[in-house]
Amino acid sequence: MLLYDFGSKQELVSAVLAEARRRGATRLAENLPPEAASAEERLRGIWAWISAPERVPYVRLIFEVHADGLAHPENYPNQAEAITNWFNALGTPFRDIATGPDDTVTPTLVMAVIRGLLFDLTTTGDRRRTDRALDRFCELLRY
């Protein structure tokens, strides 16, 4: 039945991963601080939500999928979507610091910082240092 609906095991996995990304972006949007909040407050809100201990298994799974996609790109033809799908989720909340409506650089930078800190936190468990690194990035946003 699954082969009939999805065509192959890999297409099933791709569909599940796409749905997980969609749900993650939706939950993130639902948990963002109000639009009246500053870019710094929104970034801190995103970090607090996405780095919460209850999301560690999900974050770890996402990194495992990314690593497998790098090792076996033929199995993940839509791997780039895992990155670019966040443009809308992060573009809207950071439009006040974006260079324009089509700015993909600002959400790329925001996600790169969050992803890097998440990877660090997931790997080392050093919450204090990664929180301080986010504090430093927030300081840079003020300039």
Query raised in the report: How far does NE2 of H66 sit from CZ of F119, to the nearest 0.5 angstrom?
Result: 11.0 Å
Report summary line: Value for CG (L121) from CG (L117), rounded to nearest 0.5 Å, stands at 8.5 Å
Query raised in the report: Measuring from E19:CD to T26:OG1, what's the distance to the nearest 0.5 Å?
Result: 8.0 Å
Query raised in the report: With sequence neighbours left out, what residues match E64 under side chain to side chain contact (heavy atoms under 4.5 Å, CB included)?
Result: R60, L61
Query raised in the report: Can I46 be reached from L141 by stepping across I, L, V, M, F, W or Y side chains whose heavy atoms are under 4.5 Å apart?
Result: yes
Query - All pairs passing salt bridge (Lys or Arg N to Asp or Glu O under 4.0 Å) where residues 118-128 contributes a residue, at least two apart - result: D120-R129, D126-R129, R127-D131
Query raised in the report: To the nearest 0.5 Å, how far apart are OH in Y58 and OG1 in T122?
Result: 12.5 Å
Requested in this report: Give a yes or no on whether V56 and V65 share a hydrophobic cluster (residues Ile, Leu, Val, Met, Phe, Trp, Tyr; joining criterion: side-chain heavy atoms under 4.5 Å apart).
Outcome: no
Report summary line: Here the gap from I50 atom CD1 to R115 atom CZ, rounded to the nearest 0.5 Å, amounts to 9.5 Å
Query raised in the report: Got a sec, which residues hit side chain to side chain donor-acceptor pair (under 3.5 Å) with T130, two or more places apart in sequence or on another chain?
Result: none
Report task. Please lay out, stage by stage, how R44 and E41 fare under the test salt bridge (Lys or Arg N to Asp or Glu O under 4.0 Å). Result -> CA-CA 5 Å; R44 288 181 187 283; E41 291 168 323; over 6 Å; no
**Report entry** Check ion pair E30-R27 (N to O, under 4.0 angstrom)
**Finding:** no
**Report entry** Heavy-atom side-chain proximity of V113 to W47 below 4.5 angstrom
**Finding:** no
Requested in this report: Please round to the nearest 0.5 Å and tell me the distance separating atom CG of L109 and atom CD1 of I97.
Outcome: 8.0 Å
**Report entry** Crowding at CZ, F137 (>12 non-hydrogen neighbours, <6.0 Å)
**Finding:** yes
